[in-house]
Structures are given as C-alpha cells and as structure tokens.
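Notes follow the structure.
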Amino acid sequence: MELRAIPFAGTWGAASSVCRALASEVVLRELEATGALEGLSKKESKKKVNEAVPTRAQDLAEQVAVRIAAGQNGFARVEAVSGYVNISFDANAVAARLVGEVLRQGVAYGRGGPRGEVVMVEHSQPNTHKAFHVGHLRNTCLGVATSRILAAAGYPVKDATYIGDIGMHVIKCLWCYERFHRGEEPADPAARGRWLGEIYAESDARLNFRKDVLDLLHLLAREDQVFVAAIDRLLKYLWRMNTEGEDIAYLLGRMTHAQEIKEDLLREEDVIPKFWPIVGAQLRDEVENQKPYVPVEGVPEPTTTPEERLARWEALAPQMDEWWPQVPAWREEVKETFQRWERQDEEFVALWQETRGWSLADFERIFAELGARFDVWFFESQVEEPGRRMVQEMLEQGLAEISDGLPVVKIDAKLGLETETYRTLPILRSDGTTLYSTKDLALTKLKFEEYGVDRALWVVDVRQSLYFQQIAKILELAGFDQAAQAQHIGYEMVRLPEGVISSRKGNVPIYDDIRDAVLVRAREIIEEKNPDLSSEAKEQVARQVGIGSLKYAMLARDITKVVVFDLEEALSFDGHAAPYVQYAHARACRILEHAGATEEHLLGFADGLDFGSEQPEATELGLLQAVAALPEEVQRSAAEYRPLLLTNYVYELAKRFNDFYHACPVLQSPEPTRSARLALVAATRQALANGLDLLGIEAPAVM
RNA sequence: GCGCCCGUAGCUCAGCGGAUAGAGCGCUUGCCUCCGGAGCAAGAGGCCGCAGGUUCGAGUCCUGCCGGGCGUACCA
C-alpha cells in the first residue's frame, strides 16, 4: 500500500489513495455485470465509471478506516477524506522521537549511511591568465553544493578542480604581455591575477580587431536600412576622395546585398580604414535624425538601436589606424609564441610559470571565499603529453584516423550507428598541438586509474554535453570500461538581463566586482539593522550574508534553467534569499540564548516531549514535519544532482519556523510546553544549520 | 537537418502521477508595550504554450505541433 504525507496543516500522518484506485475497478465490474455499459463507446463508458468513482471511493475509505481504527494500532486518528484513508500519528510521541534524534545527531543530522562508491566531483575549471567571472561563480557554487550533498548522502567524495593553465588563451595573453606590457604589472602581487585577465582581454581585442570591424559592417548591411540606402551617397563621397577601385566596388556591393565581407578578397590594405570615418559620420547622422522604425515586409526587425550601432563604431574607432594594419603580423607573432611553448623554450616556460602563479594565487583566494576546497588540483599542462600518447595509441589501434589532416575518431562509424549520434571528435590539431579533447581523454583515465574513483562527475555547463558523451564513448571504444561511470552534470548558462555574456562584448561581470558590490551592500544593511555589533562581527556577518546571498542566487534555480544574473537583484536581501534563512537561524539561536539552554541540557527531556495539549499546534506540526524531512531531501538531492532541492528545503524550513515563531510563544509558555518548544527550536536550528552547510552557506548566530 | 533543454501569475521561479497549482519581486491594505520588522497577515493577479494520448486521476508521463535557447570536425 502506497503512503504519502497528508497535505494539510494541522495533521501529521500518512495517507493512502488505494481506495481511489480500487473504486474504479469495483465500479467498472459492477456496471459490466449489470450490463449498463453495453453499446457504449470506450469514452462514454469511462465517463460513466468516473461519475460513480468518487462516492464509491469514499465509501470504501470509510470501511477501511473503521477496520484500521478498530485494530487499536496506536494511531491517533483514522479518517476517510475524499476517498483517501488518512492515518494520523500520535504527534507528541513522534515529535519526541524526532527531536531527540536531531539533537543527539547534531551536525550529522540529515546524513545518510556510508556508501562504498567513491565519487569524484570535478568542478571549478577557470583558466589562468583570464578573469574569474560570473559563469565560473555558478559552476563553483553548484560544484561545492553537489559535492557536499553527495558526501552527506554517504558517498566518499573527492573534489577536483581542473585549471586551464595552458592553451591558446595563455599564449595570446603572454604574447600581449611581452609585446606591449612587459614590466608594467602592478607592484602588489595580489593585484596581478586580475591585471593579467585584462591583458588577455586586450590581446583578444587586438587579434580579433579586423573580425570585429567586419562583423559590424555586416550587421549594418543586414539590419540598418538607412545605412544601406545611403551607400550610393557614400560611393560618391569615396569617389571624390580618390579611393575608387575594385575594393570599394566589392565592399559596397557586398554591403548592399547584406553579404559577409571576406577580408582576403580586399586587395588594398587601407580601404577599410579609409572607409571607416564615413561609416561613423553616417551612423552619427542616423542617431541625430532618427526616423520612427517602419517594419518592411520580408525584412527582419533590427536587433540593435542606432545608438548601439554608433557605440560599437566608437569602441573600435580609436584603434582603427594603428591596429588594423598590424593584425595579420600579430597573428603571426602569436603562432611563433605558440611554437616557443611547444618546444619548451626556457625563457618562455619561466614566464609562463611566473604569470600562471599570479592567477593561481587569485584562484586560491576566490576558492577560499566561496568555501571550495579540493582534494586534487589537475592542470591542463600536466595531461598534454599523456594525451598525445593516447592519441598515438588510438591511431595505432585504428580507433582514430587521420581525416582532413588531423586525428579524429569517427564514433558513430566505430559503433556501427546509422543515425548521427556521437558524430566525430577531433582529438589533436593538425599542427600537433593539443585540444581540450586530447587532455580530457588522458585526465578521465587518470581519475579512475590513479585516484581509485568509481564514478567521475564533470560539473560543466550544458553546452558541452555532446562533447563529454564523445569523450566517454571514445574511452569505452578504447577498451576502458570504467568510462561508462563518467558522467556530465550539465547546467544551463548564466546570462545578463541585456543578453548573452561574451568576452568580445566586454560585458562579463567579473567575480571580484560582484563580490565587492555585495559586501558593500551587506555592510550598509548591517549598519542599519544592527549598529551595536563590534566592527569585527559586522565584517564577519557582512561576509556571511553577502557571499551567502550570492551563492543562494546561484543555487535557487534548477540546473536546467538559465540564470539571468541581475546585480540589482543579487543586492536585494529581501524575500526568497539567503538572509531569510540565515535570519531564522539567528533568531532560533537568540531564543536558545535567552533560555540559557544548551542542547545537551535539552536532550535530557527530549524523550518526554509534551507540547501541553493532545495535539501540537498546527504551526508546531508543520515545523516538525519540515525538520523531519531533511534526511530524505538530502538523498533525493544527491540522487538527482539537484542542489535546488535543498535550497527549497531550507527556505521552506525557515518559513515554517517563522509561522511557528509568530503563533507560539516559547519562553513565556508554561511547562511542559516551554521545554517542548525550546527543544523544537533547538532541533530547527540544527536542521537549518545543516541544510545551509550542505549548500556551502554559513549560518550566523547573530546578524 | 539532427540532438539536448526551456515554456506555470505583470516579472523571476517552485511544484516526488494524487486532495484546493504555490513562493519571491512589484502593486494595494494592515501589524513592533509582546522570544530581533532582513519579519508577519490580508488582497488583487492563472486557457500550467497548443492539440491529442496513457491513467481511476496529468502542470507532472508519451506523441505531434508552435515559440525560445544551446550544441552539431582542428574554441574551451
């Protein structure tokens, strides 16, 4: 018989829907026997049956209820309600057992029994030489929570971070450093990681300058009708400027037809820089003399405003004359720089090591702030060579093959799949340099072989789900069976209210900025709410509440949902947010403090808990039920890899505590109610603290 | 084209096949002589994207469609 909790306040017990299922069978059989269903369509007879089901279910439930009640099973009440059999417990007795259990177990309350399977959670994969941003923040929050929840569910867990300390991004950054900024690093070592991230962003802007310019021109051609209409006028202007020629004809022709401009088809180096000021003049004119937008049949609506288009032009304009001519040479220099890495040029390796250290120091600080600690630090640089060897072996085995000049694995073909499923994965660049896949093949094997794990989880955003399936499948094809136990936990992206985050647009919220803003706000609020705290205490609470809110915002959305990160919203500590839960915890602490009751003391009378009436108050029951639910929520959250479930749990628990708090005085109540309620407060405090801890959120005693 | 994900209140989101679909934000109105007002109470606000199907019972499972996002051979 299937049981579930009774979904109404004021009762505590189990409900069974068995009579509802039974009733339809009974009714169907009766109607068939009397011939009432003859000649009716399936739908009609179903309707007839369903009409009779509710009353029959209630009849049956009443009969069952009487039987059970007669059996004297120690239940408080047995009732039949709308076809359900509801069995209520003796709440005082169940409450006493529960509260005693929670207080005895303390910080261990909610934890499951030990399990044998060792799980490695790989999360937090920032790249050195780049900034730690809001996307990494979601990853680390989810990773920390997932790991803690799995540990609480009973698994031995190993936390692993995988640092991208080598790759094209590092080469680009170091090229830019050597070429333009050598020796300009900040004197303060703590500021160097962030500075390096800015150098990377600059290298990206320099190397992609031509692409960005052409992208803008293409955008104008596509959606700025006024601009396209003006091209004829621009042509005349150019004629007067004596820049006539094949290139101009090509350029304007492509733009008139909204086609992409291919850089290699431009013969003269300076045609775009010459054209550029005219584009700006036109865009400025469009901003100043704006006409209302008129939709045209068959022409897609513009995705940008004239102001935005002008802003993009203005962002590129200052560098045009200096950068445009140099881009091809720069790209060559970057290639040469990559070669220095490949041949392990001594001077270059030393530079790499030094700058890498700047970023790592930053990451260690950020991980500490976010409560992420790792049993293992993996680095991309450490698996490059093992990866290359694996590629070589796969080529020899015939699993990998050279296609279009580079080693790939045609996975579907190897599996004999007709329909396109795993597709093809390149596993090494044609120039012999390593790809992400080269390194992940080696790393995944390493996890199982060197670290003795039974299951390996990748906490990485959902865009890489095909990629991770490919990695696991390739390893299986290579005869590495454990790869089947490698699993991707793909969570959705972080976006901004104004759209996608892209380093190209330069709109990536940097973690340090977000954290600073949140701490400033938290300090303001503490100053206002609790000015008497010592300044050390204020600073500690600001950190607990500020960082806690940030984490909560990242965890309070399911992993299948895109997080729209709104700094304003993150700075609001009202409502469904960490401080609501933390505040409930602080108030519970304060009540216990006033009572002068330690938990050991409360434990003394927990066994004889008596709420002072036959049945505890509705809000007391609600709270007891919530406290009781933690162990089950931990298991479900772990099984589904969904920290959200625990986030919802602590919020619900805090809410029930508030209901209780407003309805039931604790300290002024007569005994034995006072002691019972005090013990309930202590158990609630413990459940709140334990739940928050699993999310990696601190539970302040005062705030 | 194929694959994965999302679509629930004005907005952001919960909702373990079950009883009356819930929170927060925003809006309206109340509540500190009482364990802390980062709170509480009340009100307004819903073709749970659409159409079929499975089931005694569907926001929840299945199929199709519509809308949006992401992925899909040398980025990571």
Side-chain angles (χ1 to χ4, degrees), chain A residues 2 4 6-8 15 17 19-28 46 49-50 53-54 56-57 81-84 86 125 127 164 167-169 380 403-410 419-421 423-431 433 435-440 460-467 469 490 492-493 495 500 525-526 528-530 545 556-564 566 569 572-580 582-584 586-588 590-595 632 636 640 644-645 647-648 651-652 655 658-659 661-669 677 681 702-703:
Chain A
E2 200 200 317
R4 66 177 62 84
I6 301 173
F8 305 110
S17 60
C19 293
R20 301 187 129 216
L22 218 59
S24 77
E25 263 179 64
V26 172
V27 169
L28 179 65
K46 195 167 186 174
V49 170
N50 280 349
V53 163
R56 178 47 72 92
V81 183
S82 52
Y84 290 84
N86 291 351
Q125 303 94 339
N127 290 325
M168 196 49 94
H169 66 280
E380 286 188 31
S403 172
D404 292 344
L406 71 157
V408 302
V409 180
K410 296 186 173 171
T419 51
E420 138 188 313
T421 309
R423 316 182 68 114
T424 297
L425 185 71
I427 53 175
L428 198 65
R429 284 201 190 88
S430 50
D431 64 3
T433 59
L435 289 164
Y436 211 58
S437 54
T438 321
K439 297 171 256 192
D440 255 325
V460 180
D461 78 66
V462 72
R463 290 177 301 183
Q464 281 156 64
S465 56
L466 172 61
Y467 166 75
Q469 286 178 44
E492 266 293 353
M493 320 284 315
R495 306 174 71 155
V500 194
I525 292 183
I526 289 151
E528 172 196 327
K529 306 273 182 190
N530 211 341
V545 169
R557 233 154 229 75
D558 219 335
I559 57 175
T560 55
K561 286 261 175 37
V562 173
V563 165
V564 177
D566 187 342
E569 224 167 83
S572 161
F573 299 150
D574 296 331
H576 195 164
Y580 180 89
Q582 292 173 316
Y583 190 61
R587 285 198 302 196
R590 182 52 62 90
I591 294 174
L592 295 170
E593 188 190 318
H594 280 304
E632 188 193 329
R636 194 157 73 95
E640 298 176 22
L644 167 73
L645 298 180
T647 315
N648 285 346
Y651 181 74
E652 182 67 24
K655 204 170 188 51
N658 269 323
D659 291 344
Y661 179 88
H662 286 273
C664 302
V666 177
L667 299 175
Q668 289 97 326
S669 299
R677 287 183 177 166
V681 170
V702 287
M703 56 188 279

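To find a chain, count down the sequence lines: A is the first, B the second, and so on, and within it residues start at 1.
Between R590(A) and V702(A) the shortest side-chain heavy-atom distance falls below 4.5 Å. R56(A) is not listed as a side-chain neighbour of S24(A), based on a closest heavy-atom distance of 4.5 Å or more. Side-chain atoms of F573(A) and K529(A), non-hydrogen and from C-beta on, never get closer than 4.5 Å to each other. Contact check for L466(A) versus R423(A): side-chain heavy atoms found under the 4.5 Å cut-off. In this structure the side chain of N530(A) never reaches within 4.5 angstrom of the side chain of M703(A), judged on heavy atoms. Taking 4.5 Å as the limit, some side-chain heavy atom of K410(A) sits within range of a side-chain heavy atom of V408(A). The shortest side-chain heavy-atom distance between Y580(A) and N658(A) falls under the 4.5 Å cut-off. Residues E492(A) and D461(A) have side chains not in contact (no heavy-atom distance under 4.5 Å, counting atoms from C-beta outward).
With rounding to the nearest 0.5 angstrom, the CD atom of E652(A) is 13.0 Å from the CG atom of L645(A). Atoms OG1 and NE2, from T647(A) and H576(A) in turn, are 7.5 Å apart once rounded to the nearest 0.5 Å.
Among the nucleotides C56(B), C13(B), G15(B), the one closest to the side chain of L644(A) is G15(B). Of the candidates A38(B), G18(B), C13(B), the closest approach to any side-chain atom of V564(A) belongs to C13(B). Nearest nucleotide to the side chain of Y661(A), out of G37(B), A38(B), G39(B): G37(B). The side chain of M703(A) lies closest to A38(B) when the candidates are A38(B), C35(B), G39(B). Counting only heavy atoms from C-beta on, I526(A) has its side chain closest to A38(B) among C40(B), A38(B), C56(B). Comparing C56(B), A14(B), C35(B) by their nearest atom to the side chain of K46(A) picks out C56(B).
Distance check on atom C1': U28(B) versus A44(B) gives 8 Å, rounded to whole Å. Spacing between C48(B) and C6(B) at atom C1', rounded to whole Å, works out to 14 Å. Going from the P atom of G71(B) to that of G26(B) covers 35 Å, rounded to whole Å. The gap from the C1' atom of C34(B) to that of C40(B) amounts to 14 Å, rounded to the nearest Å. Taking the C1' atoms as reference points, U20(B) lies 25 Å from U12(B), given to the whole Å. Taking atom P in both G37(B) and C31(B), one finds a spacing of 15 Å when rounded to whole Å. Atom name P, nucleotides A21(B) and G43(B): the rounded distance is 15 Å, in whole Å. The separation of U54(B) from U63(B), taken at their P atoms, amounts to 15 Å, rounded to a whole angstrom.
Between the P atom of C4(B) and the CG atom of D461(A) lies a distance of 18 Å, rounded to the nearest Å. A straight line from NZ of K529(A) to C1' of G37(B) spans 7 Å, rounded to a whole angstrom. Taking atom CZ of R587(A) as the reference point, atom C1' of G37(B) lies 8 Å away to the nearest angstrom. The distance from atom CZ of R4(A) to atom P of G17(B) is 10 Å, rounded to the nearest whole Å. The distance between atom CG of N530(A) and atom C1' of G39(B), rounded to the nearest whole Å, is 15 Å. With rounding to whole Å, H662(A) atom NE2 is found 7 Å from A41(B) atom P. The separation between L22(A) atom CG and G18(B) atom C1' is 16 Å, rounded to whole Å. Look at CD on E652(A): it is 15 Å from P on A14(B), rounded to the nearest Å.
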Original post:
Which dot-bracket notation, 5' to 3', represents the base pairing of RNA chain B when pairs are defined as Watson-Crick or G-U with both distances under 3.5 Å, crossing pairs as [ ], and inter-strand pairs as |?
Top reply: (((((((..((((....[...)))).(((((.......))))).....(((((..]....))))))))))))....

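For the pair E380(A) and K439(A), the salt-bridge criterion is met [side-chain N within less than 4.0 Å of a carboxylate O]. Under 4.0 Å is where a charged nitrogen must lie from a carboxylate oxygen, and between R429(A) and D431(A) no such pair does.
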Original post:
Which letters describe nucleotides 70-76 of chain B, given B = protein heavy atom under 4.0 Å from base, S = only from sugar-phosphate, - = neither?
Top reply: SSBBBSB

Subject >> Base-contact (B) and sugar-phosphate-only (S) positions in nucleotides 21-34 of chain B, heavy-atom cut-off under 4.0 Å, - elsewhere >> reply: --SSS--------S

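Remark: side-chain polar atoms of T560(A) are not paired, donor with acceptor, to backbone N or O of D558(A) under 3.5 angstrom. Between the R677(A) side chain and the P665(A) main chain, a donor and an acceptor come within less than 3.5 Å of each other.
H594(A) has a side-chain polar atom (N or O) that falls below the 4.0 Å cut-off from OP1 or OP2 of G36(B). Applying the 4.0 Å criterion to OP1 and OP2 of C40(B), one finds that N658(A) has a side-chain N or O inside that range. Distances shown here put every side-chain N or O of K561(A) at or beyond 4.0 Å from the OP1 or OP2 atom of U12(B).
Among the protein residues, R557(A) comes within range of the sugar-phosphate backbone only, with heavy atoms under 4.0 Å from sugar or phosphate atoms but none that close to a base. Base contact: Y84(A) has a heavy atom under 4.0 Å from a base atom. When heavy atoms are screened at a 4.0 angstrom cut-off, S17(A) is found touching base atoms of the nucleic acid. At the heavy-atom level, A595(A) lies nowhere under 4.0 Å from the strands shown. Residue D440(A) is out of contact with every strand shown, counting any heavy-atom pair closer than 4.0 Å. Residue V702(A) is classed as a base contact, given a heavy-atom separation below 4.0 Å to a base. At a threshold of 4.0 angstrom between heavy atoms, the contacts of C664(A) include nucleobase atoms, whether or not backbone atoms are also involved. Contacts of E632(A) with the nucleic acid, taken as non-hydrogen atoms under 4.0 Å apart, include base atoms.
Shown here, C16(B) is classed anti by the O4'-C1'-N9-C4 or O4'-C1'-N1-C2 angle, which is more than 90° from 0.
If S82(A) and R590(A) are placed on RNA chain B by their nearest nucleotide, the residue sitting closer to the 5' end is S82(A).
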**OP:** Give the intermediate values and the outcome of side chain to side chain contact (heavy atoms under 4.5 Å, CB included) for residues L428(A) and L406(A).
**Re:** CA-CA 6 Å; L428(A) 198 65; L406(A) 71 157; over 6 Å; no

